[in-house]
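Here is the structure we will look at, set down as structure tokens.
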Number of protein chains: 2
Amino acid sequence: MLNHMVPDRAPGLDRVFHALAHPARRAILRQLCGRERNLSELASPLNMSFPAATKHVRVLERARLVRRRIVGRTHLCRLQPKPLAQANTWLEGYRKVWEGNFQRLDALLNELKSDPNPTPHASVRRQAKRQA
Amino acid sequence: MLNHMVPDRAPGLDRVFHALAHPARRAILRQLCGRERNLSELASPLNMSFPAATKHVRVLERARLVRRRIVGRTHLCRLQPKPLAQANTWLEGYRKVWEGNFQRLDALLNELKSDPNPTPHASVRRQAKRQA
DNA sequence: GCGATTGTCAACCACTTGGTTTCATGTTTC
DNA sequence: GAAACATGAAACCAAGTGGTTGACAATCGC
């Protein structure tokens with residue numbers, strides 16, 4: 001019924017969402033929009049040690065959000081946006097929910113409050129009686 | 001230039017993406033589509049202990065993705081989709097990147113390879129020389 | 001009132017995360 | 001060849017995650 005595009009148990013989704021869950025990594029992704037950058041460029045605006053920054057890059061690589069290409073002594077990183085699109089697709093599965101479909105739930109609950117008979121969740125009926 | 005709708009350093013985004021980064025929590029969200037459910041309902045298909053499941057629900061509550069309403073002894077949980085929409089908005093900021101804009105980067109790099117003069121990143125010029 | 005249901009809390013555990021510092025390695029430049 | 005540069009790797013640490021178990025409290029049905 002929902003999210004038929006992206007399955008629920010997807011370790012890829014785990015890694016992508018986890019990668020997006022840190023502001024430093026989101027900042028790295030934003031830096032990577034438009035052009036490649038090497039690790040020093042990525043690390044310098046991050047206000048943390050260089051090894052810490054490269055660990056964040058590695059998290060992004062595990063999530064396949066960043067690909068690295070070694071050129072001499074510099075490691076050029078490049079945004080790999082497909083997993084972002086996949087995460088977006090997963091979120092889109094909930095679009096109808098946040099675009100007002102949940103108001104139908106409101107309507108349903110109100111209906112149940114005014115009509116004590118149709119045997120939905122017992123607790124909902126109790127709630128209705130209590131508030132009456 | 002990008003993501004002007006949702007700021008980069010947003011602790012709300014941290015919590016939302018972290019909440020989405022676990023399959024159990026995504027399964028809970030999906031269960032919550034359409035109707036409220038109490039904690040037992042949410043926990044039973046999750047193949048883990050009840051306290052573990054309620055911890056996941058609490059993570060979702062911290063991310064404002066779930067709101068809880070106590071009715072007698074049952075705790076009814078309800079999907080709160082606005083943060084999902086916010087995460088979606090953040091991702092949308094990268095849509096142009098994954099919808100082919102990054103091919104302009106390819107074109108730019110190829111242009112740099114064939115023209116050694118226009119002083120971009122030194123490493124890119126070196127790369128061009130090496131491959132020539 | 002009793003027993004079953006629903007859920008909380010605290011303690012505990014193994015593992016991961018996010019950060020540091022220090023040292024080593026390959027590369028470019030002069 | 002030496003110095004500067006770009007990065008990796010390892011050891012370490014504090015805090016957080018994800019899970020368990022066991023004891024406890026409130027509530028509902030009978």
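Values reported hereafter were calculated over all heavy atoms of this structure, with side chains retained and with hydrogens, waters and symmetry mates removed.
Whole-Å rounding puts the B:Asn47 CG to D:dG18 C1' distance at 14 Å. The nearest whole Å value for the distance from the CD1 atom in A:Ile70 to the P atom in C:dG26 is 13 Å. Separating the CZ atom of B:Arg15 from the P atom of D:dG16 is a distance of 13 Å, rounded to the nearest angstrom. If you measure from atom CD of B:Glu61 to atom P of C:dG7, you get 12 Å, rounded to the nearest angstrom. B:Arg37 places its CZ atom 18 Å from the C1' atom of C:dG7, with the value rounded to the nearest Å. Rounded to whole Å, the distance from NE2 on B:His18 to P on C:dG18 is 9 Å. Rounded to an integer number of Å, the gap from B:Asp14 CG to D:dG16 P is 14 Å. Residue A:Arg25 contributes atom CZ, which lies 12 Å from atom C1' of C:dT16 at whole-angstrom precision.
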Dump the pairs, protein N or O against N or O of nucleotides 6-9 of chain D, anything under 3.5 Å, distances to one decimal.
{"residue": "D:dA6", "atom": "O3'", "partner": "A:Arg73", "partner atom": "O", "Å": "3.2"}
{"residue": "D:dT7", "atom": "OP1", "partner": "A:Leu39", "partner atom": "N", "Å": "3.3"}
{"residue": "D:dT7", "atom": "OP1", "partner": "A:His75", "partner atom": "N", "Å": "2.9"}
{"residue": "D:dT7", "atom": "OP2", "partner": "A:Ser40", "partner atom": "N", "Å": "2.8"}
{"residue": "D:dT7", "atom": "OP2", "partner": "A:Ser40", "partner atom": "OG", "Å": "2.2"}
{"residue": "D:dT7", "atom": "O3'", "partner": "A:His75", "partner atom": "ND1", "Å": "3.3"}
{"residue": "D:dG8", "atom": "OP1", "partner": "A:Arg68", "partner atom": "NH1", "Å": "2.2"}
{"residue": "D:dG8", "atom": "OP1", "partner": "A:His75", "partner atom": "ND1", "Å": "3.2"}

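Helix bend of the helix from C:dG1-D:dC30 to C:dC30-D:dG1: the angle between its two end axes, each built from five pairs, comes to 30° after rounding to 10°.
In this structure, A:Arg78 and A:Leu32 have side chains that are not in contact, with every pair of non-hydrogen atoms separated by 4.5 Å or more. You'll find the side chain of A:Leu29 reaches within 4.5 Å of the side chain of A:Val66, heavy atoms only. Looking at heavy atoms from C-beta onward, B:Asp14 lies in side-chain contact with A:Arg26 at the 4.5 angstrom threshold.
By the neighbour-count criterion of 12 heavy atoms within 6.0 Å, atom CZ of A:Arg68 is densely surrounded, having more than that number from other residues, nucleotides or ligands.
Evaluated for a side chain to side chain contact (heavy atoms under 4.5 Å, CB included) with B:His75, the options B:Leu42, B:Leu39, B:Asn38 yield exactly one hit, B:Leu39.
Contact record, B:Ala53 with B:Ile28: O-CD1, 4.4 Å, taken as the closest heavy-atom pair.
Salt-bridge annotation for B:Arg95 and B:Glu92: present, with a side-chain N of the basic residue lying under 4.0 Å from a carboxylate O of the acidic one.
Residue contacts for A:Arg62: at a heavy-atom cut-off of 4.0 Å it reaches the sugar-phosphate backbone alone, with no base atom in range.
Put simply, A:His22 has no side-chain N or O that comes within less than 4.0 Å of OP1 or OP2 on C:dT16. Dashed line: the shortest gap from a side-chain N or O of A:His56 to OP1 or OP2 of C:dG19 is under 4.0 Å.
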TODO: Carefully, step by step, assess A:Arg25 and A:Leu20 under the rule side-chain contact (heavy atoms from CB on, under 4.5 Å).
DONE: CA-CA 6 Å; A:Arg25 292 191 291 258; A:Leu20 297 181; over 6 Å; no
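Taking the six-membered ring for Trp and thresholds of 30 and 60 degrees, B:His56 and B:His22 have ring planes inclined between 30 and 60 degrees apart.
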